[in-house]
Amino acid sequence: YMLSNSLASIFHQDGLRHLVYRASQYLADRLNSGTVSRSVAGVTAEFNASDARYLGDFHDERDVVASFISDLRTEDVVYDIGANLGIYSSFAGRVLGQSGNVVAVEPNPAALSSLYQNVQRNTNSFEVFSTALSDSTGFGRIPPLFATGGDIRDQAGIRIPISRVDDLMSSCQIPIPDVVKIDVEGAEEDVLRGFGGFLSEVRVLYVEVHREKVENFNSSEHEIRSILEGHFSSLSQIGENTRGAGEQVQLRAATASEQ
């Protein structure tokens, strides 16, 4: 019964095109009670088997993950903002050497255990921070079962800390990032402004823009693009997802040396 429901869910989400691949992958993952692996661009990362149903096969953003991996250098400091289960953090951990460092930031208490375990499976050089990032410091709230969306300004739910990126860097003494990935369900502009003057020191930045959710934060895709164009030499759209809840576009901003 559980298996048939899971396969039905896969079909509902992806249609016949991905059913056979994901069904076989699901069965393989179920037989592995400890870890599952995912490979992108020749890099293989390991994850908790219990998270397999949420990992899928990355077909929605495989090209984005591959681009992200290609931009990494072994000595980089990587910020994964809105890390969720740690997909980007885990792949980064596999690429970086001991001189590099992964900084994963995730406000959702329900995701923290999996995030920590997944990143730890792939690197020993990492830090996890349980906070939301914005353009101010204080406290907000997320729904108790918050998973893949929400608004930190909600009045009900679990109380969480909010910090600016530059304040987090200062208070926790973490170095300036070389590569940044941002996926924050509409708060993209607030996070970017929270970098302060450090934004111009980032070499490559990836941001997923939630076209509908940004409106809840009095923002827009145009404004986010404008901020990035003011700090980086190049800006390109490298992905788009119109399935599920709303539309998202993936943008890559880079300095002149990384164009």
Side-chain angles (χ1 to χ4, degrees), residues 68 71-84 86 88-90 92-93 95-109 111-112 115-116 119-120 123-142 146 150-153 158-209 214 217-219 223-224 226-233 251-255 257-258:
F68 171 80
D71 280 321
L72 299 178
R73 301 173 184 172
T74 57
E75 72 279 5
D76 278 344
V77 174
V78 177
Y79 284 15
D80 185 0
I81 300 174
N84 200 288
Y88 285 81
S89 292
S90 296
V95 175
L96 302 183
Q98 290 302 310
S99 58
N101 191 38
V102 175
V103 177
V105 184
E106 173 56 50
N108 178 12
L112 287 176
L115 169 60
Y116 188 93
V119 182
Q120 189 178 43
T123 180
N124 292 321
S125 182
F126 72 98
E127 298 174 87
V128 173
F129 294 94
S130 177
T131 183
L133 294 178
S134 186
D135 58 351
S136 61
T137 297
F139 292 90
R141 292 182 182 275
I142 56 175
F146 176 78
D151 189 333
I152 61 174
R153 302 166 301 176
I158 300 171
R159 192 169 186 253
I160 59 169
I162 301 174
S163 176
R164 290 174 55 92
V165 177
D166 51 11
D167 287 341
L168 183 68
M169 292 168 59
S170 175
S171 61
C172 297
Q173 298 183 326
I174 54 177
I176 299 170
D178 300 291
V179 179
V180 173
K181 165 261 177 183
I182 300 172
D183 183 358
V184 288
E185 307 291 337
E188 295 87 325
E189 180 182 343
D190 291 348
V191 172
L192 290 172
R193 294 194 183 281
F195 273 87
F198 292 112
L199 188 59
S200 295
E201 300 189 45
V202 177
R203 191 177 75 244
V204 184
L205 184 145
Y206 288 81
V207 57
E208 181 167 280
V209 179
V214 292
F217 290 82
N218 299 315
S219 181
E223 184 61 30
I224 293 167
S226 178
I227 293 172
L228 294 174
E229 289 169 346
H231 289 83
F232 295 90
S233 301
L251 304 179
R252 176 186 180 273
T255 60
S257 63
E258 293 294 318

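- Taking 4.5 Å as the limit, every side-chain heavy atom of V102 sits out of range of all side-chain heavy atoms of E127.
- In this structure, the side chains of V78 and N101 stay at 4.5 Å or more apart for every pair of heavy atoms.
- No side-chain donor from either of Y88 and D183 sits under 3.5 Å from a side-chain acceptor of the other.
- Within the 4.5 Å cutoff, side-chain heavy atoms of I224 are placed close to those of S219.
- Contact detail for S130 and P161: the closest heavy-atom pair is O-CG, 3.4 Å.
- When all heavy atoms of I158 and P109 are compared, the closest pair comes out as CG2-CG, 4.3 Å.
- I81 contributes atom CD1, which lies 5.0 Å from atom CG of L133 (distance to the nearest 0.5 angstrom).
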Please walk me through it: do V214 and E188 pass side-chain contact (heavy atoms from CB on, under 4.5 Å)? CA-CA 7 Å; V214 292; E188 295 87 325; 3.5 Å; yes
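- Pairing each heavy atom of V119 with each of S89, the nearest pair is CG2-CB, 3.6 Å.
- Using a 4.5 Å heavy-atom threshold, the side chains of D178 and V202 count as separate.
- Atom CZ of residue F139 and atom CD1 of residue I162 lie 9.0 Å apart, to the nearest 0.5 angstrom.
- Side-chain atoms of V207 and L228, non-hydrogen and from C-beta on, do get closer than 4.5 Å to each other.
- Residues Y116 and F126 place their aromatic rings such that the two centres sit under 6.0 Å apart.
- For the side-chain hydrogen bond (donor to acceptor under 3.5 Å, both in side chains) test, no residue two or more places apart in sequence or in another chain qualifies with D135.
- The minimum heavy-atom distance between V77 and P175, with the atom names listed, is CG2-CG, 3.6 Å.
- Taken from NE2 in H231 to CZ in F195, the straight-line distance is 10.5 Å, to the nearest 0.5 Å.
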Pair I227-E189, side-chain contact (heavy atoms from CB on, under 4.5 Å): steps then yes or no: CA-CA 8 Å; I227 293 172; E189 180 182 343; 3.6 Å; yes
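- Taken to the nearest 0.5 Å, the CD atom of Q120 stands 11.0 Å off from the OG atom of S90.
- Looking only at side-chain heavy atoms (C-beta outward), I160 and R141 stay at 4.5 Å or farther from each other.
- Here OG of S163 is found 10.0 Å from CZ of F129. Values are rounded to the nearest 0.5 Å.
- In summary, of the residues considered (D80, N84, T131), a side-chain contact (heavy atoms from CB on, under 4.5 Å) with E106 occurs for N84 alone.
- When all heavy atoms of T255 and F232 are compared, the pair lying nearest together is N-CD2, 4.1 Å.
- Taking the charged nitrogens against the carboxylate oxygens, D76 and R203 do have a contact shorter than 4.0 Å, which makes a salt bridge.
- At a threshold of 4.5 Å between non-hydrogen side-chain atoms, the residues F217 and D190 count as touching.
- Comment: R193 engages E223 in a salt bridge, judged by a side-chain N to carboxylate O separation of less than 4.0 angstrom.
- Taking every heavy atom of both residues into account, L112 and V128 meet most closely at CD2-CG1, 4.2 Å.
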Stepwise side-chain contact (heavy atoms from CB on, under 4.5 Å) check, Y79 with K181: CA-CA 6 Å; Y79 284 15; K181 165 261 177 183; over 6 Å; no
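- The OG1 atom of T74 sits 7.5 Å away from the CG atom of L96 when rounded to the nearest 0.5 Å.
- No side-chain donor-acceptor contact under 3.5 Å links E75 and S99.
- Taking 4.5 Å as the limit, some side-chain heavy atom of I182 sits within range of a side-chain heavy atom of L192.
- Judged by distance alone, the side chain of Y206 and the main-chain N or O of F68 form a donor-acceptor pair under 3.5 Å.
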